[in-house]
Amino acid sequence: MKKNIVIAFLLFIPVAACLAQSGIYTNTVFLRQLYQDKSYLREKDSISTVFRNALPGHWGEFVKGVDEDLVTRQKILALTFDACGGPHGDDFDKELIAFLEREKIPATLFVSGKWIDANLETLKQLSKNPLFEIENHGLNHRPCSVDGESEYGIKGTPDVPDAFDEIEANARKIKAITGRRPVFYRSATAYTDESCAKIARCLHTTIISFDVLSGDAIPFSPVKTIVNNVLTTVKPGAIIIMHFNRPKWNTYEALKVIVPELKKQGYSFAQLKDYPLKGR
């Protein structure tokens with residue numbers, strides 16, 4: 001009996017260790033740890049002081065300081081995919097990712113802290129694949145705002161300290177998990193204000209919007225609609241926005257049509273880090 005208990009205990013240790021390891025990366029626990037990190041708090045205080053009286057400026061997807069295109073005249077495109085997280089957004093589109101791998105198509109994956117909480121091991125595997133660059137979609141998937149602006153019913157960060165956490169805490173979380181700090185950030189809904197764009201720059205981060213809106217975020221948008229949205233608006237250097245956290249929707253089915261057609265038109269694909277970027 002004792003022998004069986006000992007064996008069971010020994011078998012349990014790796015599982016317990018794994019669970020403990022994954023637990024330290026949940027948003028709540030990770031942020032609590034950061035709030036005990038003096039260097040994090042100093043940087044947060046510094047940003048909060050600099051931007052204490054800053055006005056938000058323009059609000060939108062294409063404000064000053066946000067990039068949306070690759071700087072190139074060649075027929076190069078950037079496919080970017082968001083993973084939003086939350087109760088209805090923490091799934092993983094395995095077929096879509098497998099398709100990119102089969103076709104050897106590089107892509108940029110923006111992941112939120114909420115999505116990471118539900119897909120930690122998946123993120124670790126994705127980060128090991130050189131086809132994918134893992135970037136920042138915010139700790140809690142909130143539009144980045146210095147005054148609580150909302151979009152599509154999603155409440156934005158209420159102030160500068162929260163905007164800092166939304167960007168910086170998730171950047172540190174991704175680095176802790178993958179070993180690489182993200183250099184690009186896309187705000188939830190892609191909406192942000194000009195002050196947040198400046199805050200991001202202070203954190204050595206570039207906010208990314210998009211040039212081509214696929215429309216795949218509209219629930220169960222028809223394949224034909226997504227395909228048409230991309231193929232009729234694409235141009236050299238365009239950043240295309242799609243999602244890889246909704247396998248029951250039609251992103252993958254549309255992508256199977258879009259990619260061959262773009263290749264036929266002479267387009268190839270790159271990651272964001274491969275080219276200079278520009279806004280409007």
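Starting from 1, each residue takes its place in the sequence as its number.
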If you define the side chain from C-beta out and look only at heavy atoms, does anything of [X] sit under 4.5 Å from [Y]?
X	Y	result
V50	K198	no
N170	F30	no
F110	C84	no
I47	C202	yes
K64	H58	no

Worksheet entry | Working for side chain to side chain donor-acceptor pair (under 3.5 Å), residues D216 and T251 | CA-CA 6 Å; D216 72 328; T251 306; 2.8 Å; yes

To check you understand the geometry: which heavy-atom pair defines the closest contact between [X] and [Y], and what is its length?
X	Y	result
V146	A54	CG2-O, 4.5 Å
A254	I226	CB-CG2, 3.6 Å
N129	E101	ND2-OE2, 3.1 Å
C196	S145	SG-N, 3.4 Å
S112	H137	N-CB, 3.6 Å
I24	Q33	O-OE1, 3.7 Å

Worksheet item: Could you walk me through whether E103 and F269 pass the side-chain contact (heavy atoms from CB on, under 4.5 Å) check?
Response: CA-CA 11 Å; E103 297 294 321; F269 305 93; over 6 Å; no

Fill in: Passing candidate, salt bridge (charged side-chain N to carboxylate O under 4.0 Å, His left out) with E168, options K44, R181, K173
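Passing option: R181.
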
Practice prompt. Let me know which of R280, R201, K278, R186 forms a salt bridge (charged side-chain N to carboxylate O under 4.0 Å, His left out) with D67.
Written response: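 Of the listed options, the one satisfying the test is R201.
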
Practice prompt. Identify which one of V212, I240, L272 satisfies the side chain to side chain contact (heavy atoms under 4.5 Å, CB included) criterion when paired with T80.
Written response: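 With T80 as partner, V212, I240, L272 yield a single side chain to side chain contact (heavy atoms under 4.5 Å, CB included), made by L272.
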
Worksheet entry | Candidate list P56, P143, C144, test side chain to side chain contact (heavy atoms under 4.5 Å, CB included), partner D193, passing option |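 One option only clears the test, and that one is P56.
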
Path from [X] to [Y] over hydrophobic side-chain contacts below 4.5 Å:
X	Y	value
V257	W249	no
L139	L34	yes
V223	F99	yes
L131	I105	yes
Y252	I218	no

[atom1] of [X] to [atom2] of [Y]: how many Å apart, nearest 0.5 Å?
X	Y	atom1	atom2	answer
D165	R172	CG	CZ	10.5 Å
L277	L70	CG	CG	6.0 Å
S214	H243	OG	NE2	7.5 Å
K128	K124	NZ	NZ	8.0 Å
S127	I177	OG	CD1	9.0 Å
R52	D45	CZ	CG	9.0 Å

Discussion item. If only side-chain N and O atoms count, and only distance matters, is there a donor-acceptor pair under 3.5 Å linking Q271 with T108?
Written reply: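 Note: T108 and Q271 side chains miss the donor-acceptor criterion.
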
Worksheet item: Which is it for E121 and Q125 under the side chain to side chain donor-acceptor pair (under 3.5 Å) test, yes or no, and what are the steps along the way?
Response: CA-CA 6 Å; E121 294 306 316; Q125 292 305 311; 5.4 Å; no

Worksheet entry | Salt-bridge present (E149, R142; N to O < 4.0 Å) |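 Here E149 does not pair with R142 in a salt bridge, since their nearest N and O are not under 4.0 Å apart.
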
More than 12 heavy atoms of other residues, nucleotides or ligands under 6.0 Å from [atom1] of [X]: yes or no?
X	atom1	answer
K235	NZ	yes
R73	CZ	no
L41	CG	yes

Worksheet item: What is the ring orientation for W59 with Y191, classed by angle as parallel under 30°, tilted 30 to 60°, or perpendicular over 60°?
Response: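 W59 and Y191: tilted rings.
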
Worksheet item: Should the pair F81 and F244 be assigned to parallel (<30°), tilted (30 to 60°) or perpendicular (>60°) ring geometry?
Response: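 Correct class here is perpendicular.
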
Discussion item. Walk me through whether N140 and E166 qualify under side-chain contact (heavy atoms from CB on, under 4.5 Å).
Written reply: CA-CA 7 Å; N140 287 303; E166 183 71 7; 3.8 Å; yes

Worksheet item: Going through the checks in order, is the side-chain contact (heavy atoms from CB on, under 4.5 Å) test met by L31 and Y40?
Response: CA-CA 10 Å; L31 196 58; Y40 183 86; 4.3 Å; yes

